[in-house]
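The figures that follow rest on heavy atoms only: side chains count, while hydrogens, waters and symmetry mates do not.
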Amino acid sequence: MGADRGKVKIRVKNLKKSFGDLEVLKDISTDVTEGEVVVVIGPSGSGKSTLLRCLNRLEEVSGGSVEIDGVDITAKKVNINKVRENIGMVFQHFNLFQNLNVIDNMTLAPAQLKKCTPEEAKKRAMEMLSRVGLVEKAESFPSQLSGGQKQRVAIARALCMQPGIMLFDEPTSALDPEMVGEVLQVMKALASDGMTMVIVTHEMGFAREVSDRVLFMDGGYIVEEGTPDELLLHPKEPRTIDFLNKVL
Amino acid sequence: MVKIITEYGGLLLTAMGRTLLLALLGLFFACIIGLIFGMLSVLKNRVCNVIAQVFVDVIRGVPMIVLAFFIYFGMPYLFNTIIGGFNIILSALQAGTICLALNCGAYMSEIIRAGIQSVDVGQMEAARSLGLSYFVSMRKVVLPQAIRTMIPSIINQFIITLKDTSILSVIGFPELVNTAKNVQANTFMAFQTWAIVGVMYLIVITILSRSAKMVERRLNVGR
């Protein structure tokens, strides 16, 4: 857990989110500090993914605030595109751009946003590909990759923007079992490099091994939180115990 | 038959050229209109959606021949006589182009809307999550994928529009049907005249749809 406890990267205060009449997030408050790896678990419909999607405003919040590096990103005047450049996101269904090959998937945003020259973007993309072990797939199209390879490219694509925070929305849930390991390994390496990460997952083993803190969500609230050992091995709340009994 | 071809062949070919000119002009503006209203209908903005919906409903709900009369006779009358102070005279080509562009544009906007909505929302979300703006994401990620699914419908619409130019004979534009009417009146050879005209349309449209098929196949490479 060698996280540098200090600077708060993400501060969620009294966050609420409704879809019409359905209140998905009721009152969420939590901080994520620099270098911390936070895993969010909970039954489906508990609001985990919605919470994650509020952190880069893919969902507009209904109440409360989300601060990234001290800036309230729910404020109307915030340039959300600038904020998102610093927050990588990895999706359950990979969402690689189907019309572009791997290298173009990775260089599109850095080149469009003038983060660097196209040559530099390509060079960095190749570095990232070698980190996830897929250099030979640079010219392939997403349809030619396996699920695990797609997700590794998706992670590498997010890293090309050199974000300070990475969000993972059930990154292994759509994968065949034998491909889960390769993706978790990439995430593990990222965590040990000190990346600030928020991960929604059902991989309890991964949560125990890699995370600094686990949040258990149910019914739109954070029901319980603690270190992986506290929460996964010695849960206190009945709902947490109930959930863990079902999944473990 | 031979007499018509030798005596009126050149005239009919010129008329076919005008038909194609009218169709091309109409299609060009229809694409612009279709893209604008197609985009308006997918934006997350009620007002934009309603504007696009009203446009499509109005154009779809009016026969093209009525639209043609309305634009060619009705609009100048409105501005020159009812409101007054204007002196607008539309040529048959101008009125025809506007009419085709509006009509085809309405259908194109529906094709474009459906095409955009057929692309998984995850593609837009992934692009936005990287910090790209809505319009860059649309242009670089969503539209290229949408166009592939739109191509067959767009080609279909092109062909319909090409054939719809014949309706504009009613406002006196000398396209193929209008010219053929004169040929028939001069020669009294109704069967031969309309057979030739039918074959001419058939040839042009077959060439169009065959080459469109080739474009479609080319675009599907790498999918």
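Heavy atoms of B:Val141 lying under 4.5 Å from chain A belong to its backbone as well as its side chain. Only the backbone of A:Ile87 comes within contact range of chain B, judged by heavy atoms closer than 4.5 Å. Contacts between A:Leu167 and chain B at a heavy-atom distance below 4.5 Å are absent for every atom of the residue.
Within a 6.0 Å sphere centred on NZ of A:Lys9, heavy atoms belonging to other residues, nucleotides or ligands number more than 12. Few gaps surround CD on A:Glu127; more than 12 heavy atoms of other groups in view lie less than 6.0 Å from it. Around atom CZ of B:Phe28, no more than 12 heavy atoms belonging to other residues, nucleotides or ligands sit under 6.0 Å away. For A:Lys17, the NZ atom sits in a packed shell: over 12 heavy atoms of surrounding residues, nucleotides or ligands are nearer than 6.0 Å.
Proximity of A:Leu113 to B:Leu130: side-chain heavy atoms (C-beta onward) are nowhere separated by under 4.5 Å. The closest side-chain heavy-atom distance from B:Pro144 to A:Phe97 is not below 4.5 Å.
Residue B:Gln145 holds its CD atom at 4.5 Å from CG of A:Asn99, rounded to the nearest 0.5 Å. Put simply, CZ on A:Arg57 and OG on B:Ser129 are 14.5 Å apart, with the number rounded to the nearest 0.5 Å.
Of all heavy-atom pairs between A:Arg157 and B:Ala126, the closest is NH2-CB, 3.5 Å.
Taking non-hydrogen atoms and a 4.5 Å limit, the residue list of residues 105-124 of chain B in contact with chain A, ordered by number, reads B:Asp120, B:Gly122, B:Gln123.
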### Message
Would B:Val136 and A:Leu108 count as a side-chain contact (heavy atoms from CB on, under 4.5 Å) here? Give the steps.
### Response
CA-CA 10 Å; B:Val136 171; A:Leu108 176 68; 5.8 Å; no
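Between chain B and the options A:Gln112, A:His93, A:Met89, A:Glu85, the largest number of non-hydrogen pairs under 4.5 Å is found for A:Gln112.
Looking at B:Arg128 and A:Asn81, their side chains do bring a donor and an acceptor atom within 3.5 Å of each other.
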